[in-house]
Undergrad: 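Sending over a structure as structure tokens; questions will come in a sec.
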Number of protein chains: 2
Amino acid sequence: MQLSKGFDYAVRCMVHLALQPGNGGADLKSISRAQAVPVSYLAKIMRTLVRGGLVTSTLGRGGGYVLRRDPSEITLLQIYGLMEGEINFMNCMQNEKSCSLVPLCPQRPVWGRLQKAVEGVFRETTLQDLVPRPFAGIEKERLHVPVRP
Amino acid sequence: MQLSKGFDYAVRCMVHLALQPGNGGADLKSISRAQAVPVSYLAKIMRTLVRGGLVTSTLGRGGGYVLRRDPSEITLLQIYGLMEGEINFMNCMQNEKSCSLVPLCPQRPVWGRLQKAVEGVFRETTLQDLVPRPFAGIEKERLHVPVRP
DNA sequence: TGAATATGGAGTCACTAACTCCATATTCAA
DNA sequence: TTGAATATGGAGTTAGTGACTCCATATTCA
């Protein structure tokens, strides 16, 4: 029961974007260097985040990535959903009829409780909560500015 | 973030044992048949449960397995601990120094919260809670009797 | 004595997380 | 106009491991 590296990377890179001065954005190479994530793998992750609407990308020279919303409006649940899909602890939780052995499986509600618990933590945690203290709260009014210098 | 089949099997087989009439115990083959778990794999799982002290085994003809304690005193956390070890959602949570990037990693407390949440559900759920309704509570006074007929 | 049980541990196999590579498209600067 | 710097798309690779199998051994009972 581990979270994937992909998810970990995604979260850290989103936080990295949230930390850019004036939210100016950052490009693949710089994120890769700062977060120690292999650049080619990071590229794939960023594509997922862009497709999912959490990040905006700019092509060509001087391009890069910017958060699409305020860090306080991006939850871990959204990132998890993009990287991993629905939270489910057992295969039998995916659809109703996959549990074949017992008509009313007694552990089903337990797995459900786990799901809800984790979902709750993910839903309540925003990128803003993950910004290291010294930087918390600054530059918030300068969000959403374009990347280009 | 999935629970392993091994853990699922272990839980179901423990419940199966809790359901035996008069807690007479059951042997590999019958558990395997009833719970649809490959017998050779089940053998390995049962060894873990025996070593862990949750189940007593009897060798030789007429042998098998019996729960060592009352179902209400066996928690999912104990079973999980045997099958999977400590709950940890990220590798960096194993020891203090594995998180190398940032001295005070902001997501650490979040992973910790997940851990606590799941641990809580596991600790509060006993085998007794997983016994299907019609059987709940019966035969409790006849626990701990020997296997042999 | 032998059939029926559990034990121990090495071995197999398939799947997938994690990562690479390359060809292509876009943008800007000179 | 060209080329350097960026992102995109997707196929390919690899190492690790979860989910099993297999067999030789020990124990118990009929």
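A note on names: the letters A, B, ... follow the listed sequences, proteins ahead of strands, and every chain is numbered from 1.
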Undergrad: Looking at Y41(A), I'd like to know whether one of its side-chain N or O atoms comes within less than 4.0 Å of OP1 or OP2 on dA17(C).
TA: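 So the side-chain polar atoms of Y41(A) never come under 4.0 Å of the phosphate oxygens OP1 or OP2 of dA17(C).
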Undergrad: Under 3.5 Å for both donor-acceptor distances, Watson-Crick or wobble: does dT12(C) have a partner, and if so which one?
TA: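 The base-pairing partner of dT12(C), which may sit in any strand shown, is dA19(D).
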Undergrad: Both distances below 3.5 Å, Watson-Crick or wobble geometry, any strand: find the nucleotide opposite dA30(C).
TA: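 Pairing partner: dT1(D).
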Undergrad: Figure out the CG/P separation between D8(B) and dA19(D), and round it to whole Å.
TA: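 One finds 10 Å between P of dA19(D) and CG of D8(B), rounded.
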Undergrad: Is F7(A) touching bases, backbone alone, or none of the nucleic acid, heavy atoms closer than 4.0 Å?
TA: nothing
Undergrad: What is the distance, rounded to the nearest whole Å, between atom CG of N91(A) and atom C1' of dT16(C)?
TA: 14 Å
Undergrad: Between atom NZ in K5(B) and atom P in dC13(C), what is the gap in whole Å?
TA: 18 Å
Undergrad: Strictly by Watson-Crick or wobble contacts shorter than 3.5 Å, is anything paired with dG12(D), and which nucleotide is it?
TA: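 Because both required distances fall under 3.5 Å, dG12(D) counts as paired with dC19(C).
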Undergrad: Which part of the nucleic acid, if any, lies within contact of S57(B), taking any heavy atom under 4.0 Å across all strands shown: a base, the sugar-phosphate backbone alone, or nothing?
TA: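 If one applies the 4.0 Å heavy-atom cut-off, S57(B) turns out to touch the sugar-phosphate alone, with no base involved.
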Undergrad: Which nucleotide in the list dT8(D), dT7(C), dC20(D) gets nearest to the side chain of K44(B)?
TA: dC20(D)
Undergrad: Would you confirm whether T125(B), through its side chain, and V121(B), through its main-chain N or O, come within 3.5 Å as a donor-acceptor pair?
TA: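 Judged by distance alone, yes, a pair lies under 3.5 Å.
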Undergrad: Using Watson-Crick or G-U wobble geometry with both distances under 3.5 Å, which nucleotide pairs with dC29(D)?
TA: dG2(C)
Undergrad: Is any side-chain heavy atom of I79(B) less than 4.5 Å from a side-chain heavy atom of L127(B)?
TA: yes
Undergrad: Starting at atom CG of L3(B), determine the distance to atom P of dG18(D), rounded to an integer number of angstrom.
TA: 13 Å
Undergrad: Whether Y9(A) contacts dA18(C) is assessed here as follows: a side-chain N or O lying under 4.0 Å from the phosphate OP1 or OP2. Is that the case?
TA: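 For dA18(C), OP1/OP2 do not have a side-chain N/O of Y9(A) under 4.0 Å.
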Undergrad: Within this structure, what is the CE-to-P distance between M46(A) and dT20(C), rounded to whole angstrom?
TA: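 Atom-to-atom, M46(A) to dT20(C), this comes out as 17 Å.
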Undergrad: What is the ring orientation for F7(B) with W111(A), classed by angle as parallel under 30°, tilted 30 to 60°, or perpendicular over 60°?
TA: tilted
Undergrad: dG9(C) P sits how many Å from I45(B) CD1, rounded?
TA: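 My rounded result for the distance is 17 Å.
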Undergrad: On DNA chain C, check which nucleotide each of R51(B) and S40(A) is closest to and give me the residue with the more 5' one.
TA: R51(B)
Undergrad: Could you tell me if the side chain of H16(A) sits less than 4.5 Å from the side chain of R12(A), heavy atoms only?
TA: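 With C-beta onward as the side chain, the pair stays apart.
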Undergrad: Compare the minimum distances between each of dT21(D), dT27(D), dT6(D) and the side chain of D27(A), then state the nucleotide with the smallest one.
TA: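 Within the option list, the nearest is dT6(D).
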Undergrad: Starting at CZ of R47(A) and ending at P of dC19(C), how long is that distance when rounded to a whole Å?
TA: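 So the two atoms are 15 Å apart, to the nearest Å.
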Undergrad: Side-chain donor-acceptor pair under 3.5 Å between Q115(B) and N88(B), yes or no?
TA: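 Short answer, no.
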Undergrad: Could you tell me how far apart R61(B) (CZ) and dA4(C) (P) are, to the nearest whole angstrom?
TA: 6 Å
Undergrad: Considering every strand and a 4.0 Å limit on heavy-atom distances, what is the contact class for K29(A): base, sugar-phosphate, or nothing?
TA: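 It contacts sugar-phosphate atoms only.
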